[in-house]
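See structure below.
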Amino acid sequence: MPASAPRSRQAPAAVLRFGRVAAMGTVSVLILIAGVWASWGSAQHVMLTKGRERGTVEVARCGGGVCSGPFRPVSAGSQARSRVVLEDTVAVAEGRTYAVVVKPGGVAAVRSGVAGVLYAWVPLGGALLLASVVVAGGLRRTGAAWVLAGAGVALLTAAFAAV
């Protein structure tokens with residue numbers, strides 16, 4: 001009978017270990033999916049510009065969480081507009097001119113170019129940092145956690161430098 005005692009103790013430990021890995025793996029994947037989802041709302045307009053209105057906007061006014069100014073088209077088929085709206089962030093300042101892509105069906109615009117692409121993916125950078133903590137603590141995979149954290153820091157640093 002003593003030979004079977006260690007097996008009965010090993011089975012619950014293995015089940016708990018599997019449960020921890022499954023739960024933390026699921027949480028990590030959900031965090032990363034949420035980061036991509038949050039980024040894709042702006043990134044799709046910046047990265048997939050074919051058929052979209054591209055141009056420049058000179059920011060005339062900022063207030064109430066948004067900045068606005070006249071839109072001057074650069075791409076064929078774009079129309080000049082007296083006013084387009086950008087989110088009021090640290091990346092937008094009154095009196096400056098920015099390359100933008102107008103979102104379809106409205107007056108909302110997002111920054112384009114390298115700065116716009118990197119800025120659109122900032123939520124993914126934060127998700128990478130958060131997922132690295134879960135991977136290190138919950139999955140006990142420090143190597144993978146360092147890779148995730150490094151990618152997140154690189155993305156956030158590049159966005160900060162470009163904006």
Side-chain angles (χ1 to χ4, degrees), residues 1-52 54 57 59 62-68 84-94 96 98-163:
M1 187 105 139
S4 65
R7 280 190 183 167
S8 64
R9 289 186 192 139
Q10 288 175 353
V15 169
L16 289 175
R17 191 174 314 114
F18 175 76
R20 176 181 51 86
V21 169
M24 292 297 110
T26 302
V27 169
S28 299
V29 169
L30 287 175
I31 290 170
L32 293 174
I33 289 171
V36 170
W37 186 273
S39 297
W40 188 246
S42 293
Q44 66 178 323
H45 302 293
V46 179
M47 296 173 67
L48 307 172
T49 59
K50 186 175 181 179
R52 300 197 193 271
R54 291 173 296 174
V57 62
V59 177
C62 289
V66 295
C67 292
S68 61
V84 293
V85 177
L86 288 167
E87 285 184 32
D88 185 12
T89 63
V90 293
V92 179
E94 235 176 274
R96 295 195 57 194
Y98 300 99
V100 296
V101 175
V102 178
K103 291 182 178 181
V107 295
V110 291
R111 286 189 63 180
S112 63
V114 175
V117 170
L118 289 171
Y119 186 71
W121 288 105
V122 163
L124 177 62
L128 286 165
L129 287 174
L130 183 58
S132 72
V133 174
V134 174
V135 168
L139 295 176
R140 299 199 174 103
R141 303 278 188 251
T142 55
W146 279 110
V147 170
L148 289 171
V153 167
L155 178 58
L156 294 174
T157 303
F160 179 77
V163 171

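Atoms considered below: every heavy atom in the structure, side chains included; atoms not considered: hydrogens, waters and symmetry mates.
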Query raised in the report: Where do L128 and L32 land on the side-chain contact (heavy atoms from CB on, under 4.5 Å) test, with the steps shown first?
Result: CA-CA 7 Å; L128 286 165; L32 293 174; 3.7 Å; yes

Requested in this report: Test V21 against L139 for side-chain contact (heavy atoms from CB on, under 4.5 Å), laying out the working first.
Outcome: CA-CA 6 Å; V21 169; L139 295 176; 4.1 Å; yes

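The minimum heavy-atom distance linking H45 with V101 is given by the pair O-CG1, 3.5 Å. Taking both residues in full, the closest heavy atoms of M47 and V117 are given as CG-CG2, 4.1 Å, listed atom of the first, atom of the second, then distance.
Screening V85, V102, L86 against V57 for a side-chain contact (heavy atoms from CB on, under 4.5 Å) leaves a single residue, L86. Applying the side-chain contact (heavy atoms from CB on, under 4.5 Å) test between L156 and each of L118, L129, L124 identifies L129 as the sole match. Each of V133, L130, T26, L148 was scored for a side-chain contact (heavy atoms from CB on, under 4.5 Å) with I31, with one residue passing: L130.
Two residues are said to be in side-chain contact when any heavy atoms from C-beta on lie closer than 4.5 Å; M24 and R140 fail this criterion. The shortest side-chain heavy-atom distance between S112 and T49 does not fall under the 4.5 Å cut-off. Residues W40 and W121 form a side-chain contact, since some pair of their non-hydrogen atoms from C-beta on lies under 4.5 Å apart. Side-chain contact between R52 and P104 is present, with heavy atoms from C-beta onward closer than 4.5 Å. Two residues are said to be in side-chain contact when any heavy atoms from C-beta on lie closer than 4.5 Å; R111 and V46 fail this criterion. Between V110 and K103, some side-chain heavy-atom pair lies under the 4.5 Å cut-off.
Within a 6.0 Å radius of CD in E87, other residues, nucleotides and ligands contribute 12 heavy atoms or fewer. R96 CZ: 12 or fewer foreign heavy atoms inside a 6.0 Å radius.
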